[in-house]
Amino acid sequence: MVAETLLSTIEANLKGVGVKDYEIYMQVPTVTQLYLRRGKTELLNKVKHLGYGIRILDKGLGKVSSNQTENPQIETCIRNAVLMARQSKPEKFTFPSQTKVADVEIVDKRIKESPEEVVKDFAEQVVEIAEAAKVELPFAKVKAYHMPTSIVNSEGLDREKEETMLFTEISFKTSRSGQLSEYWATRYARRPDDIPKDSLQRWAQLAKENLKAKTPKTEKLEVIFPPHVICDLLVPVVGTHSTGRALKTGISKFEDGEAIADKSLTITDDGLYPYGIQSSPFDDEGNPQSRVSVVENGVFKNRLYDQYYGIQCGEDSTGNGIRQATVFFYIDEKFKLLPYNQTSNFRVKAGKKTLEELISEVSKGLLIHKLSWLNPQAASGLFGSEIRNAVSIENGEISAPVKGGLVSGNVFTLIKDITGISNKEEIASGETAFCCVSPYVRFKDVQVAGD
Amino acid sequence: MFETEVRDLLDKVIAIFNEAGVVYGDVRFESSQTTSISKDKAEENVSYGSSEGFHLRVLRDSEWRSVGLGGVGKQEVIAGARDVSEFVPASRGKSSYTPLKPWVLKEEPRVKKRFGDVGLEEKIELVRDLFERLMIDEKIVNAAARYAEGVSQKAFMNTEGSRLSVKAPTVRSVLVAYAKAGKNVQVDYHTYGGYGVGYEFVEGIDFDEDCKKTAKGAIASLDADKVPSGKLPVVLDPEMAGLIAHESFGHGLEADQVLRNRSFLSDKLNEKVASDMVTIVDDAAYANAYGTYAFDDEGVKSKRNALVENGILTGFLHSRETASALEVSPTGNGRAQDFSRKIYVRMSNTFFEKGDWTLEEMLEGIKYGVYLEKGSHGMEDPLGGGIQVSSAKGHLIEHGRLTKLLLPVSLSGKVLELLRNVDAVGKNFKLDSGTCGKGPEDWIRVSSGGPSVRVKEAIVSGG
């Protein structure tokens, strides 16, 4: 109701000063946050937001964002947007019009209706798992987001949606004879069920297993990366180079029909994946989200476009105008960002072998559970990251825990060196890239540096 | 919201807290107005943002309740105060919080030229000009020039009687150049940031020189060599030294990690943790640095805090809560990203103090090593004391001289081992502006840096 009134007020103000082409994006989120310290509640914080972003086309594009709702403040915002539109470079642009969108599941009923209960239950489960595994719980945080969002524009587009998100960050720790070990996990999910109990149990177990970890030797090895690392590996690099933006700015390394990866790699940008972290019926400009085949059997197939780069490149938007950033993730304050041409849910097609089979085929290698922070350079594809939790593989079997040292390389080379993809995909979130859907992926000749 | 309205509203919140009998409560109002201009080959973005919000919190024993409110009216703030006030102790006066003497501050740093005195058109022209200056060669396929200015206001009151307010400008600018040759794409960049400065900060920058350096740096990287992998002698430039001081070492000194039993430095106070040459400081009062502030988000005055002096660990960084629990004075490091977020112990401007070596002297005697240049990113490991930092580029050191240009370099190992292996500290000094997360979120403005630092041996590889 508040949003409806505010939308009408902003729209009336825009029309009142003669603005003909505009878009209003509005979020009215609530966030419930629970923080634990050493297994005990430290803080319960509740946040109530309201914010809007306005884009005005008046020769150029002017953009403002605010959470101020009084009329004089709205007038200031609009005045600024008009001034900015008139002073920035003229643009060939039109806002999207209303078209049909698909249904996609992105709401968890419990988060929507009882967020405090959800964060408390989740935290309680984490405490129980730590106790059962006999590991310490230095801290944990759980956040539940409920976000009603509206987009209207001067082309008659009028969209509404609700979505939910759960975020958790947990440290499981063990110590013995002065040795310390930790598994420090972070995950986003649409529903609590997408961070299942067995994942939490595995994280606690990984903290224990890493206690006797050693630094690896400097050598090239076969390395298996888990889904959340694949997210940080592929999305910032392959994702970026697959956009209309990369094409238009001249930095894309990919050409249509070019073989860019091993034949086993097939990637779809799936904006409609059920409960995918960036799934939505429409993107943050109101265009329908879709499924786009980006890489098929190692060959680059199609680009991703938002409204701006679609027009610039003479293509239709693929629903990839999203208010999200790499590294600095926005959930309840997306209204502060501008739509950006990027991936929705990059989905790596699962292979046929189990993870166990992938391991059994490695004569000497590593299975990575967690890297410190894989933050590849988007333009060059170069990366290097410290190993936090891993195990060595010798003659097809898990051998010993590994921590420290670096894995490094170039993503563009790495995707040509895929030697296996596991048969089970999962919704994953990274620390550089917000999300993807991926199985485990194995690569050959990965540089490892250590003792 | 006008200043008097805010003051009245904050007074009402504190009155509600006192009436309810909370042991400790505080309320913070934040507002900001920002203007951002960016340009690359395809897009020109000019945007304005404004934000207002309140954070109210109440303590019971060692547990907090808080609310963050944005885009709401006065009545909702009052309702929020009543809501958190229900979280009162069973018996009055019972709290783990050490009281502080109340104080009053109203501060607005003086600048020579307010951002508002310079027209939007002039700033847009500046950004367009920077973009053109970056596109100096056909190998530069794209460039980006970004400029962002902001004015933020903060007002703070607590149940102890402190009444604080500050209004201060910040500015940040970034230059990026992308060079391409065939399928090889490389990037270089330059950043600037200041707190409590006006447009004179921007006018004082030698953009012409920096644009040339950035574009030439990207082009040169097209021919850069791969980084050798293994344990080698390294020399860190000021930005990389700052990343080590901040990411690898400083995060372990945030005392909330001590309360969590998650710091590798918990039991090392007054112990030797680094070479005699090492002195590391966190200084939130450093004039005009990007991580500077007048008081933290708990109303504690900012100050210089020595963390390591001549190799000895001399102190941790504290919020009021950690200081109370560990029975020391707060250091003014309780910071939140904004009104919607939790207050944590955070760094501000973190750096190595200068030594007396020249770079030439530091390179002498290294037969084969790596010089790491321009800090790119890093991640903390407060429990393990591990290192994850990467530079944007590097140079090979051969027989005491910088030789081949290298692609990005990553550095790993144990930070205490690295600090003990410091055997030369430069006489140069530079602070680099950046953004710091507590783990993967809760971003705040910081700076880090120092002089060049030589380390006998560390693990390096490509990055």
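Residue numbers begin at 1 in each chain, while the letters A, B, ... track the order of the sequences. Quantities reported herein were computed from a predicted structural model and do not represent experimental measurements.
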Considering non-hydrogen atoms only, spot the tightest contact between [X] and [Y] and give its length.
X      : Y      : value
B:A42  : A:Y308 : O-OH, 2.8 Å
A:Q377 : B:P408 : NE2-CG, 3.6 Å
B:S51  : A:K336 : OG-NZ, 4.4 Å
A:E136 : B:N261 : OE1-ND2, 3.2 Å
A:G384 : B:Q388 : O-NE2, 3.5 Å
B:E44  : A:K89  : OE2-N, 2.7 Å

Toward chain B, the part of [X] with a non-hydrogen atom under 4.5 Å:
X      : result
A:T249 : both
A:T432 : neither
A:K220 : neither
A:Y330 : neither
A:V31  : neither
A:K48  : both
A:K40  : neither
A:S252 : backbone
A:N80  : side chain
A:I387 : neither

[X] side chain near [Y] side chain, heavy-atom distance below 4.5 Å:
X      : Y      : value
B:S461 : A:Q447 : yes
B:D381 : A:W184 : no
A:L43  : B:S66  : yes
A:F167 : B:P440 : yes

Can you say whether [X] sits under 4.5 Å from chain A via the side chain, the backbone, both, or neither, judging by heavy atoms?
X      : result
B:L259 : both
B:D267 : neither
B:I124 : side chain
B:E380 : both
B:S221 : neither
B:V84  : neither
B:D40  : side chain
B:E441 : side chain
B:N184 : backbone
B:R128 : side chain
B:K180 : side chain
B:E247 : neither
B:S50  : both

Pairs of heavy atoms under 4.5 Å with chain B: top-ranked of [options]:
options                       : answer
A:E333, A:E70, A:R388, A:K403 : A:R388
A:P138, A:A85, A:A449, A:G51  : A:P138
A:S171, A:S66, A:P376         : A:S66

Do we get B:K342 above A:Y35's six-membered ring, with its NZ or CZ under 6.0 Å from the centre and within 45° of the axis?
-> yes
Can you check whether B:R341's main-chain N or O pairs, donor with acceptor, with A:N45's side chain at less than 3.5 Å?
-> no
Worked check of salt bridge (charged side-chain N to carboxylate O under 4.0 Å, His left out) between B:K438 and A:E169 | CA-CA 11 Å; B:K438 187 96 171 176; A:E169 182 184 356; over 6 Å; no
Between A:R245 and B:E43, does at least one N-O distance fall below 4.0 Å, as a salt bridge requires?
-> yes
